[in-house]
Each structure stands twice: as structure tokens, then as C-alpha cells.
Amino acid sequence: MRIGIDLGGTKIEGLVLDRDGKERARLRVATPAGTYEDTVAAIVDLVAELETRAGVRCSVGIGHPGAISPVTGLIKNANSTRLNGQPLRADLERRLGREVRLQNDANCLAVSEASDGAAAGCSIVFGVILGTGVGGGVVIDGKPLTGAQAIAGEWGHNPLPHPRDDERPGLRCYCGRTGCIETWLSGPRLQDEFHRRTGRTLRATEVAEAALAGDAQAAEQMEIYCDRLARALSVVINIIDPHAIVLGGGLSRMSLPYDRVPELWKKYVFSEPDLIVTRLLPPRFGDSSGVRGAAWLWPAD
Ligand SMILES: [Zn+2]
């Protein structure tokens, strides 16, 4: 059986999947507020408890923010910054006494949805995290694409394509550059921009709900948001030509983009507009997609 762990900024979730992909046990603990060592200990304890419940020794896959540098073997690019520079793989393998597979959390989302989720049967899948941050991962024939820098799919820190005059130069990003896709498409940005334009305070998903309910200001905001998402995804489509794009993260609960964005990306994708077959899909497993994908990093046997 396979254990998957999703290491998040606020919680660590773990589950056991059996050979058929059925869930056999699930546990969730708060991410320790203390040191890196506390986080490692919490993961080790969670694996032990899940194995007790499963009754057998399991494979272990971990989804985490950021990436493991192929050069140093250390975590980098994690928004949970206490992980950066740490030998997480080596520490877990030593403590657990086995090989452990680790992957970026967006890659885990894409693996899960490509394996038995919304994009099952699709050869090329792009998984997108739209939330506090914006990330992405590429899965080809069920396997995550890691790459030379272990950053394949990290579209959130590319610039917004086809910027309009009022979108230049864009906001400063924590990565040091300006106008990154993340600064346009994150939940906080959607909320802030709606507030600046209307004076109203709604969360990102509430703006989307208001638009569907006929609120003209919210509808205008969502049209701008969907157009930016279409522009940003059109570049991904031009490069990897995915069969499916699956959204994850908190903003994947917005229903409007699934219909509107594929209409809008016809203007930007390098293909006959009416013959684009790439599908934009909600995640079948919702918030659990990441933890399932971590388990799927190992084969069923
Ligand atoms: Zn950036």
C-alpha cells in the first residue's frame, strides 16, 4: 500500500491508498509552528500512525512546496521558507529507513488528476494551483516532468503575456521581478483589484459567485480575470500542447473560468480557434488531489 503526504503551510495531511486507489486511512495534523526539525518529526509520526492503521509497511510519497534542487539536493523556492536550504529527502529517508519520493505540490495535483482524476487517460496534463500563490506542474503519461532545474511547469513567475498598456509594468513580485503571472492571478490580487475598482470587499471566490448572480461590477472583474488566465494559459498550450489543464487550489472552486477561459484563449492560442481540443477541468478530488498524487508517486505494488 502507498502513503501520500501533503506538506502544507498550515496542515500536513496523509492518507493510505490500496492497490485499487481506494482510500484506507486518512489523518491530518497542524504543521508545527516551530523549527524544520519539528516538521520532519511530524511527518515521521504521521507515517508511523498511518502504517499502524494500514497494518503493513507502505511506500511513502511526499508533496511539498517548492522543489528539490538537482544540484544541491536541498529544498528551494518554497513559500514555507523554513524548508528552503534543508535536506528534506535525506532526513526523511534516514528517519523512515526507506527510499522516499518527493515532488512539488502542483506536480502531485497533476499526477493525481492524470492518474484517476478529471484528466484520467490524458497523455499530457498541466496542473495549475490558483490560490495564495500560482504554480503549475506537467505530467506526461502519468509521470511528473521534473527538468534540469526541477522547475518544469512553474509558469507563475513568467510575465503576463500580451500585457495591455494599463498592465505595464505590473506589481513587484516576491521573486524580485515585476508583473509575474502570480501577481495577476492569485486570490489576494483578485480581491485587491476588485476592492480598488469598486470599494467593495469580497473574497476572490465571492467575486466569482456575485458575477454568476448578475452583479455587473463582479462580472466585469471576472471577465478581466478570465482574459488574463486565458492569455497566461495560451503560452502553456503553445509550448506543451496539453490534452487537459486541471485547476487546483482555492480558486479552482470558481465555476465561471471553466466555460469562459476556453472561449477567450481562442484569441491567443496558435491554432485554428474552433479546433482547440485542450480541456479546462475542475479537480475531481478537490483539496485531496495533492495528497492522492503524493501516494501515486509510487506504483500500486
Ligand atoms: Zn515572481
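Counting convention: from 1, in listed order, for ligands and their atoms alike.
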I'd like to know if R292 pairs up with D116 as an ion pair, taking the criterion as any Lys NZ or Arg NE/NH1/NH2 lying under 4.0 Å from an Asp or Glu carboxylate oxygen. yes
More than 12 heavy atoms of other residues, nucleotides or ligands under 6.0 Å from NZ of K11: yes or no? yes
Atoms of protein origin (N, O or S) under 2.8 Å from the Zn ion (ligand 1): H157 ND1, C173 SG, C175 SG, C180 SG
Under 3.5 Å, is there a donor-acceptor pair linking the side chains of R26 and S288? yes
With a 3.5 Å distance limit and no angle check, can you tell me whether D38 reaches the backbone of T35 through a side-chain donor-acceptor pair? yes
Out of the candidates R98, R57, R2, only one should pair with E51 under the salt bridge (Lys or Arg N to Asp or Glu O under 4.0 Å) rule; please name it. R98
Quick one: sort the H162 and Y268 rings into parallel, tilted or perpendicular, breaks at 30° and 60°. parallel
